[in-house]
Every structure is written in structure tokens, then in C-alpha cells.
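Computed from a predicted structure; not experimentally measured.
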Amino acid sequence: MSLRIRDLGPDDTPVLARLHTLSWSSAYRGIIPDAWLDEELAADRVAFWQTRAEVWPDRAFGLLALDGEQPVGFVFALPGADPTWGTLIDNLHVLPACKRQGIGRRLLDHFADRALVVVPNEPVYLWVYEENRAARRFYDAMGGLPVERILAPLYGGGEAPIVRYSWSSPQRLQLSKAE
């Protein structure tokens, strides 16, 4: 794999919607209702990324991982999303077939480098479904601390517990590499 990482831009919205859809279709089976994943997810993610593109570059940034020219993952962040918790990692996704190859770690490494320039003293956080055990193991390995658990509404109806993971600064993500 010849992985390279580049900045995201508003023109990347179709690629992001596709990667996001493929990731959720795999990771959220049994969490989000299958009917919603099968029937509404793709259109929902297209609309989601069209809306997100409106905040670039003023209030957000993101990175795209490519294997050659093939997009394989991305990270998207909203600095200053919360006055207490800081920068929200709003999305981190890797194609299901490409997981466990270090792509997520590389994306977070590059995210931390950028965040240290943009918001060096701001904490970092994200939300993850409690049942998404693979993602939670990854965030644990990246030095994230599970600091809060709440019930959140699910796409397609119902609700499920989500967990807030937090890092005291972007540097904490970098330090997790060395630990």
C-alpha cells in the first residue's frame, strides 16, 4: 500500500459520502436499523456532506487517505465545537476492506499535526456507539479516555448509548504513538 494523505475540500463530498456510506453499512449493522442502512443511508450521507461542505474552509478541516488514487479513508474535524471539550472529530472512517492496516492511525497522526497548528491548546473529542467495540478498542489504543456515556437517537428510530472519548490536547494523540 502506498498511502498518501491530503487535505479535503468541498469538491470531495461525493467521495466522502461514498466512504461514509460503506463504513456505516459495515460498522453499524445491528446498531442502526438495517432497513435504514439499506434504504436511506446513501442519500442521507450525500445530503450530510453537501451541508458539511458549506463550513469549509472557515470552520472545519479534514484529510483524505489514498492508496494510489483510490480513496480509502478520511478524518473530518470541527475546531471549537464545544467550549469544554474542544475540537470534535466529527468523522473518522476507513473502508472496511482496508481496516487494520494503520490507515486510521495515520489519519489521526496527520489530524493531530494539523490541530497543533490550528488549535494547539484545545482538547479533542469524538462520539462512538458503545456497541462499536472495534472502534472503541482503536480509540483506547490511541490514548482516548471514555469520559461520558449518553443515550442518543438512532437514524431509523430508537436510541442507543454513545460514548464520548476525549484527549486533553492534539499532542496526546501524538504521544499515543510512542506509548
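Contact between Leu64 and Gly73 at its shortest, heavy atoms only, is CD1-O, 3.3 Å. When all heavy atoms are compared, the tightest approach of Ala60 to Pro79 is CA-CD, 4.0 Å. Of all non-hydrogen atoms in Arg172 and Ser168, the two that sit nearest each other are CG-OG, 3.0 Å. The shortest heavy-atom contact between Pro71 and Leu66 is N-CD2, 4.0 Å. Heavy-atom minimum distance, Ile89 versus Leu126: O-CB, 3.5 Å. Here the shortest heavy-atom pairing between Thr13 and Trp49 reads CG2-O, 3.2 Å.
Taking 4.5 Å as the limit, every side-chain heavy atom of Arg164 sits out of range of all side-chain heavy atoms of Val128. Counting heavy atoms from C-beta outward, Phe111 and Val124 have side chains that approach closer than 4.5 Å. The side-chain heavy atoms of Ile103 and Leu107, taken from C-beta on, include a pair separated by under 4.5 Å. A heavy-atom distance below 4.5 Å is found between the side chains of Arg52 and Leu78. For the pair Leu95 and Ser23, the minimum side-chain heavy-atom distance is 4.5 Å or more.
Asn91 places no side-chain N or O within 3.5 Å of a backbone atom of Val75 that could act as its donor or acceptor partner. Side chain of Ser25 to main chain of Thr21: a donor-acceptor pair is present (N/O by atom type, distance under 3.5 Å, no hydrogens or angles). A donor-acceptor pair is defined here as one N or O able to donate and one able to accept, closer than 3.5 Å; no such pair exists between the side chain of Ser26 and the backbone of Leu22.
Taking 4.0 Å as the cut-off between side-chain N and carboxylate O, Arg4 and Glu69 count as a salt-bridged pair. Taking 4.0 Å as the cut-off between side-chain N and carboxylate O, Arg6 and Asp12 count as a salt-bridged pair. A salt bridge links Arg29 to Asp38: at least one charged side-chain nitrogen sits closer than 4.0 Å to a carboxylate oxygen.
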Working note: Val72 + Leu3, criterion side-chain contact (heavy atoms from CB on, under 4.5 Å); need CA distance, chi angles, decisive distance, verdict. CA-CA 9 Å; Val72 293; Leu3 194 69; 3.8 Å; yes
Worked verdict on Tyr155 versus Glu40 for side-chain contact (heavy atoms from CB on, under 4.5 Å): CA-CA 9 Å; Tyr155 292 92; Glu40 298 181 45; over 6 Å; no
Dump the intermediate steps for ring pair (Phe, Tyr, Trp, His ring centres under 6.0 Å) on Trp85 and Tyr165, then the final yes or no. CA-CA 10 Å; Trp85 298 103; Tyr165 271 77; over 10 Å; no
Intermediate values then yes/no, side-chain contact (heavy atoms from CB on, under 4.5 Å), Lys99 and Phe138: CA-CA 11 Å; Lys99 288 186 176 180; Phe138 174 72; over 6 Å; no
Can Asp82 and Tyr125 be said to form a side-chain contact (heavy atoms from CB on, under 4.5 Å), step by step? CA-CA 9 Å; Asp82 186 275; Tyr125 75 102; 3.6 Å; yes
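Side chains of Thr87 and Glu122: a donor on one and an acceptor on the other come within 3.5 Å.
Cluster annotation: Val163 and Ile31 are assigned to the same hydrophobic cluster (Ile/Leu/Val/Met/Phe/Trp/Tyr, side-chain heavy-atom contacts under 4.5 Å, transitive). Using a 4.5 Å cut-off between side-chain heavy atoms of Ile, Leu, Val, Met, Phe, Trp and Tyr, with links allowed through other members, Leu145 and Trp167 fall into the same hydrophobic cluster. Residues Leu116 and Leu63 are members of separate hydrophobic clusters, defined by side-chain heavy-atom contacts under 4.5 angstrom among Ile, Leu, Val, Met, Phe, Trp and Tyr. Under a hydrophobic-cluster definition in which Ile, Leu, Val, Met, Phe, Trp and Tyr are linked whenever side-chain heavy atoms come within less than 4.5 Å, directly or via other members, Leu173 and Val147 are assigned to the same cluster.
Here the OH-CD1 distance, from Tyr129 to Ile32, works out to 4.0 Å after rounding to the nearest 0.5 Å. Between Glu159 atom CD and Leu154 atom CG the span is 8.0 Å, to the nearest 0.5 Å. Of the inter-residue distances, the one linking Trp36 atom CH2 with Leu41 atom CG reads 5.0 Å to the nearest 0.5 angstrom. Taking OG from Ser169 and CG from Asn121, the interatomic distance works out to 8.0 Å, rounded to the nearest 0.5 Å.
Within a 6.0 Å sphere centred on CZ of Arg59, heavy atoms belonging to other residues, nucleotides or ligands number 12 at most.
Within the cation-pi definition used here (under 6.0 Å to the ring centroid, within 45° of the axis), Arg136 does not qualify as a partner of Tyr139.
Relative orientation of the Trp24 and Tyr28 rings is tilted, given thresholds of 30° and 60° on the angle between their planes.
The six-membered or imidazole ring of Phe76 lies away from that of Phe61, with a centre-to-centre distance of 6.0 Å or more.
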